[in-house]
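The chains referred to below are lettered A, B, ... by the order of the sequence lines, with proteins before strands, and numbering in each begins at 1. In what follows, every heavy atom counts, from backbone to side chain, and hydrogens, waters and symmetry copies are set aside.
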2 protein chains.
Amino acid sequence: MNYSIKDISKMLSEKDIRPSHQRIKILEYLLENKQHPTVDMIYNELHEEIPTLSKTTVYNTLSLFNEAKLVRILSIDDNEARYDIDIENHGHFICKKCGDIHDFEINLDSLVKDNLDEFEINEKHIYFNGICPKCKTDIRQSNN
Amino acid sequence: MNYSIKDISKMLSEKDIRPSHQRIKILEYLLENKQHPTVDMIYNELHEEIPTLSKTTVYNTLSLFNEAKLVRILSIDDNEARYDIDIENHGHFICKKCGDIHDFEINLDSLVKDNLDEFEINEKHIYFNGICPKCKTDIRQSNN
DNA sequence: TTATATAAATATAATCATTACAAATATGGA
DNA sequence: TCCATATTTGTAATGATTATATTTATATAA
């Protein structure tokens with residue numbers, strides 16, 4: 001919750017990314033909003049305090065962060081990319097009803113049965129979808 | 001390799017899908033081309049024997065097949081959906097160099113560590129990416 | 001400090017996969 | 001055959017993302 005500008009700048013510098021105002025604010029947003037936001041969510045929120053902010057900058061910055069392995073791009077949503085500041089391998093569940101994304105812990109050790117030694121694996125994505133507990137209850141209550 | 005029109009019609013009828021000419025041809029294509037084709041691949045190939053075929057029909061049909069659980073839509077490619085006739089749970093690896101998708105066997109039993117009992121899970125997608133063995137060799141040979 | 005080269009941000013336009021829509025065509029049952 | 005309905009088709013619209021050119025900010029050297 002409490003990330004100083006100094007801390008965030010350091011995180012960027014360690015990845016050889018110059019800590020501009022926009023980059024600091026975008027990274028700060030990601031650190032404080034771990035609900036896997038979309039570009040629009042980030043843009044709309046930050047646009048209030050940085051009126052000159054361009055959506056292109058948000059795209060460029062997130063792309064830069066992705067290359068530096070500061071964020072992961074999730075393709076779990078059918079029509080928008082989601083961004084996750086948590087780089088550790090974990091699974092994602094998206095609710096087809098409300099769109100919320102839930103993290104869950106995974107154990108990749110025994111997942112793959114085939115031998116993939118010859119493959120250079122860079123990213124592992126685990127996506128589940130269905131209906132979340134909250135929406136299951138809502139459906140029962142509204143009877144549809 | 002050898003699916004008769006009768007067999008394919010039956011597959012559709014069993015899912016309450018009327019076996020139109022276009023639907024039969026699209027399903028036949030999927031059964032005989034298991035390289036996880038894109039809409040464009042399917043359209044371009046079938047357009048030759050069905051000159052009036054519309055790309056909208058390909059989209060509509062694949063969407064219908066997906067709802068009937070005849071195919072799965074893969075979101076592993078950054079800018080195009082891929083379609084997989086194999087409904088069994090298995091993993092997919094996409095090569096960032098050549099775009100080829102490889103299947104691999106998985107064992108989902110011990111994957112999830114968290115308790116997801118409250119969630120209604122409909123689909124499980126396992127996506128890896130990186131460089132495939134063939135492209136690793138090519139890179140070494142071309143030295144870049 | 002000032003000039004200058006470079007990096008970053010911005011606004012706008014272009015791209016392109018997918019979807020919406022309305023019209024045309026095909027099909028199965030009375 | 002006729003008709004209601006399902007399917008297909010062509011075209012246009014949508015909307016996320018990317019390309020491009022211009023403007024602005026920043027770091028460094030003189």
Side-chain angles (χ1 to χ4, degrees), chain A residues 5 8-9 12-13 15-29 36-68 70-83 94 96 99, chain B residues 5 8-9 12-13 15-29 36-44 46-68 70-83 94 96 99 101:
Chain A
I5 291 183
I8 297 170
S9 292
L12 291 170
S13 297
K15 297 283 188 176
D16 290 320
I17 295 173
R18 256 160 60 175
S20 72
H21 183 217
Q22 287 84 342
R23 288 169 177 173
I24 290 171
K25 282 298 171 186
I26 291 170
L27 182 51
E28 183 186 36
Y29 180 91
H36 319 87
T38 65
V39 165
D40 264 41
M41 290 177 196
I42 300 167
Y43 172 77
N44 289 329
E45 182 86 9
L46 293 182
H47 186 68
E48 290 175 23
E49 42 173 330
I50 315 172
T52 63
L53 183 66
S54 161
K55 204 177 273 189
T56 303
T57 299
V58 180
Y59 274 104
N60 288 342
T61 302
L62 290 169
S63 170
L64 186 71
F65 287 0
N66 179 57
E67 280 162 34
L70 271 173
V71 300
R72 295 192 75 181
I73 302 177
L74 309 185
S75 305
I76 195 173
D77 193 321
D78 285 341
N79 66 321
E80 259 178 309
R82 304 292 197 117
Y83 295 84
I94 189 167
K96 288 285 189 181
Chain B
I5 291 184
I8 297 170
S9 292
L12 290 170
S13 298
K15 297 283 189 177
D16 291 320
I17 295 173
R18 256 160 59 175
S20 72
H21 183 218
Q22 287 85 343
R23 288 169 178 173
I24 290 170
K25 282 298 172 184
I26 291 171
L27 182 51
E28 183 185 37
Y29 181 91
H36 319 89
T38 65
V39 164
D40 264 42
M41 291 177 195
I42 300 167
Y43 173 77
N44 288 330
L46 294 183
H47 186 68
E48 290 176 23
E49 41 174 331
I50 315 172
T52 61
L53 184 67
S54 161
K55 204 175 276 189
T56 303
T57 299
V58 180
Y59 275 104
N60 288 343
T61 303
L62 290 169
S63 171
L64 187 70
F65 288 0
N66 178 58
E67 279 162 33
L70 272 172
V71 301
R72 294 192 73 179
I73 302 177
L74 308 185
S75 303
I76 195 173
D77 193 319
D78 285 340
N79 66 320
E80 258 178 310
R82 305 292 197 117
Y83 294 84
I94 190 166
K96 288 285 189 181
I101 293 176

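Contact annotation for A:D40: no contact, since no heavy-atom pair falls under 4.0 Å across all strands.
For the pair A:S20 and B:V39, both in contact range of DNA chain C, the more 5′-proximal nearest nucleotide belongs to A:S20.
Scanning both residues, A:G99 and A:I94, for their nearest heavy atoms gives O-CG1, 3.7 Å.
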Compile the donor-acceptor pairs under 3.5 Å between side chains in residues 53-61 of chain A and protein atoms, sequence neighbours left out, one pair per line.
residue	atom	partner	partner atom	Å
A:S54	OG	A:T56	N	3.1
A:K55	NZ	A:D40	OD1	3.0
A:N60	ND2	A:T56	O	3.4
A:T61	OG1	A:T57	O	2.7

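Distance alone, capped at 3.5 Å, places no donor-acceptor pair between the B:R82 side chain and the B:L74 backbone.
In 5' to 3' order, the nucleotides of DNA chain D bounding all contacts with chain A (an atom under 4.0 Å from a heavy atom) are D:dA16 to D:dA19.
For A:R72, there are no salt bridge (Lys or Arg N to Asp or Glu O under 4.0 Å) partners, not counting sequence neighbours. Residues that satisfy the salt bridge (Lys or Arg N to Asp or Glu O under 4.0 Å) test with B:K15, not counting sequence neighbours, are absent from this structure. Residues passing the salt bridge (Lys or Arg N to Asp or Glu O under 4.0 Å) test with A:E48: none are found, sequence neighbours excluded. Contacts of A:H21 classified as ring-ring contact (aromatic ring centres under 6.0 Å, His included), with partners at least two apart in sequence or in another chain: none. Checked against side-chain hydrogen bond (donor to acceptor under 3.5 Å, both in side chains), A:Q22 has no partners two or more places apart in sequence or in another chain. Residues satisfying the side-chain hydrogen bond (donor to acceptor under 3.5 Å, both in side chains) test with B:Y29, not counting sequence neighbours, are none.
Side-chain contact between A:I8 and A:P19 is absent, with no heavy-atom pair separated by less than 4.5 Å.
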Derivation of the side chain to side chain contact (heavy atoms under 4.5 Å, CB included) call for B:T38 and B:Y43
CA-CA 9 Å; B:T38 65; B:Y43 173 77; over 6 Å; no

Check step by step if side chain to side chain contact (heavy atoms under 4.5 Å, CB included) holds for B:I76 and A:S75.
CA-CA 7 Å; B:I76 195 173; A:S75 305; over 6 Å; no

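Within residues 70-82 of chain A, the residues having any heavy atom under 4.0 Å from DNA chain D are, by residue number, A:N79, A:E80, A:A81. DNA chain C lies under 4.0 Å from at least one heavy atom of each of the following residues of residues 41-56 of chain A: A:T52, A:L53, A:S54, A:T56.
In this entry the distance linking CD of A:Q22 with C1' of C:dA7 reads 12 Å, nearest Å. The CG atom of B:N60 sits 13 Å away from the C1' atom of C:dA22 (whole-angstrom rounding).
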Just the atom pairs and distances: protein N or O near nucleotides 26-30 of chain C's N or O, under 3.5 Å.
none

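Pairs of residues two or more places apart, or lying in two chains, never qualify as salt bridge (Lys or Arg N to Asp or Glu O under 4.0 Å) while including a residue from residues 57-66 of chain B.
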